[in-house]
Amino acid sequence: MNDHYFLKAAIEMARQGMRNNEGGPFGAVIVKDGVIIGSGNNRVTSTNDPTAHAEVVAIREACKHLNSFQLDGCVLYTSCEPCPMCLGAIYWARPDRIVYACSKTDAAAIGFDDDFIYKELDLPLPERKIPANQALVEEGRQVFKEWVEKGDKTAY
């Protein structure tokens with residue numbers, strides 16, 4: 001089994017989810033030691049969850065399988081180049097690598113254009129489409145201070 005084998009599995013997840021009307025045409029699998037330990041297809045519309053992208057669903061399943069919040073030694077195969085949200089989740093999960101089929105340009109061509117998010121991230125906060133205001137800074141920092149002092153925390 002090689003990258004093509006597992007990438008085909010991710011593409012098939014995309015096809016099945018799409019045909020079942022669970023969401024958009026996206027699928028992902030996560031592999032460790034040659035075994036699929038997590039899989040997912042896009043379930044945004046069927047679950048009314050904007051975070052239920054294929055990669056996130058697969059990460060949740062794989063982490064549950066491993067009983068860990070890290071995907072060390074794993075490879076994530078996805079039918080399409082990850083969007084900014086998924087890319088963030090992937091980096092937090094820390095798999096060894098990502099293999100994808102379609103590009104973000106391919107996704108944009110069928111109506112899934114994430115370019116506006118990349119552009120928003122480059123803008124100063126006051127210029128973004130969704131306003132963000134900072135408040136209760138000291139109260140928030142108190143919780144951070146408690147975290148720093150917490151002796152039994154699990155660092156990540």
Side-chain angles (χ1 to χ4, degrees), residues 3 6-7 9-11 13-15 17-18 21-32 36-66 68-148 150 153-156:
D3 285 348
F6 293 115
L7 193 52
I11 293 167
M13 290 295 301
R15 180 177 287 111
M18 177 191 64
N21 293 319
E22 294 175 325
F26 305 99
V29 298
I30 297 174
V31 175
K32 183 165 186 156
I36 295 174
I37 60 165
S39 62
N41 58 276
N42 183 290
R43 298 177 187 164
V44 170
T45 58
S46 62
T47 62
N48 294 318
D49 179 354
T51 69
H53 289 202
E55 296 89 340
V56 173
V57 172
I59 288 168
R60 289 173 181 161
E61 189 175 291
C63 286
K64 185 176 181 180
H65 175 86
L66 294 174
S68 173
F69 52 85
Q70 302 286 259
L71 296 176
D72 300 322
C74 296
V75 179
L76 186 144
Y77 296 89
T78 180
S79 63
C80 187
E81 183 177 357
C83 76
M85 177 188 69
C86 292
L87 194 56
I90 292 164
Y91 270 80
W92 283 120
R94 296 178 178 92
D96 290 359
R97 61 192 179 98
I98 305 164
V99 180
Y100 64 91
C102 297
S103 70
K104 62 184 179 183
T105 305
D106 296 325
I110 63 163
F112 294 93
D113 192 355
D114 301 323
D115 194 49
F116 76 97
I117 297 173
Y118 288 107
K119 289 177 181 173
E120 282 283 303
L121 293 173
D122 287 336
L123 293 174
L125 287 174
E127 294 178 28
R128 292 183 184 174
K129 288 184 179 23
I130 299 176
N133 301 341
Q134 188 175 20
L136 298 176
V137 176
E138 289 309 313
E139 288 86 341
R141 286 185 181 153
Q142 181 58 40
V143 178
F144 279 14
K145 182 178 183 257
E146 290 177 34
W147 170 258
V148 169
K150 185 172 172 50
K153 66 185 170 206
T154 301
Y156 61 99

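Here the OG1-CG distance, from Thr105 to Asp113, works out to 8.5 Å after rounding to the nearest 0.5 Å. To the nearest 0.5 Å, the span separating SG on Cys86 from CD on Glu81 amounts to 11.5 Å. For the atom pair Ile30 CD1 and Leu76 CG, the distance stands at 4.5 Å (nearest 0.5 Å). Taking CZ of Arg97 as the reference point, atom CG of Asp3 lies at 4.0 Å (rounded to 0.5 Å). Atom CD in Glu55 sits 12.0 Å away from atom OH in Tyr100 (nearest 0.5 Å). The structure places NZ of Lys104 at 6.5 Å from CG of Asp115, a figure rounded to the nearest 0.5 Å.
In terms of heavy atoms, Ser103 sits closest to Cys80 at O-SG, 3.7 Å. Minimum heavy-atom separation, Asp106 to Cys102: OD2-CA, 3.4 Å. Between Gly40 and Ala54, the closest heavy-atom pair is O-CB, 3.6 Å. Closest approach of Ala101 and Leu7 over heavy atoms only: N-CD1, 3.9 Å. Pairing each heavy atom of Ala155 with each of Phe69, the nearest pair is O-CZ, 4.0 Å.
In this structure, Tyr118 places its OH atom where more than 12 heavy-atom neighbours from other residues, nucleotides or ligands lie under 6.0 Å away. No more than 12 heavy-atom neighbours from other residues, nucleotides or ligands sit within 6.0 angstrom of CD on Gln134.
The main-chain N or O of Ser39 is found under 3.5 Å from a side-chain atom of Glu61 such that the two form a donor-acceptor pair. The main-chain N or O of Pro25 is never found under 3.5 Å from a side-chain atom of Asn42 such that the two would form a donor-acceptor pair. Remark: side-chain polar atoms of Ser79 are paired, donor with acceptor, to backbone N or O of Gly27 under 3.5 angstrom. Looking at Gln70, its side chain does come within 3.5 Å of a backbone N or O of Trp92 through a donor-acceptor pair. Side chain of Arg128 to backbone of Leu123: a donor-acceptor contact under 3.5 angstrom is found. Between the side chain of Lys32 and the main chain of Leu71, no donor-acceptor pair closer than 3.5 Å is present.
Legend: residues meeting side chain to side chain donor-acceptor pair (under 3.5 Å) with Glu138, ordered by chain and number and at least two apart, are Arg141. Glu120 pairs by the side chain to side chain donor-acceptor pair (under 3.5 Å) definition with nothing, not counting sequence neighbours.
Val57 places none of its side-chain heavy atoms less than 4.5 Å from the side chain of Glu22. Looking at Gln142 and Glu146, their side chains come closer than 4.5 Å, going by heavy atoms from C-beta outward.
Checking Thr51, Ile117, Ile90, Asp114 one by one against Met85, the side chain to side chain contact (heavy atoms under 4.5 Å, CB included) holds for a single residue, Thr51. A side chain to side chain contact (heavy atoms under 4.5 Å, CB included) with Cys74 is found for exactly one of Asp96, Ile59, Ile37, namely Ile37.
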query: Could you go step by step and tell me if His53 and Phe26 meet the side chain to side chain contact (heavy atoms under 4.5 Å, CB included) rule?
result: CA-CA 8 Å; His53 289 202; Phe26 305 99; over 6 Å; no
- request: Take Leu87 and Ile98 through the test side chain to side chain contact (heavy atoms under 4.5 Å, CB included) and record every step on the way to the result.
  value: CA-CA 10 Å; Leu87 194 56; Ile98 305 164; 4.2 Å; yes
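Cation-pi geometry between Lys129 and Phe116 is not met: the NZ or CZ atom fails to fall both under 6.0 Å from the ring centre and inside 45° of the normal.
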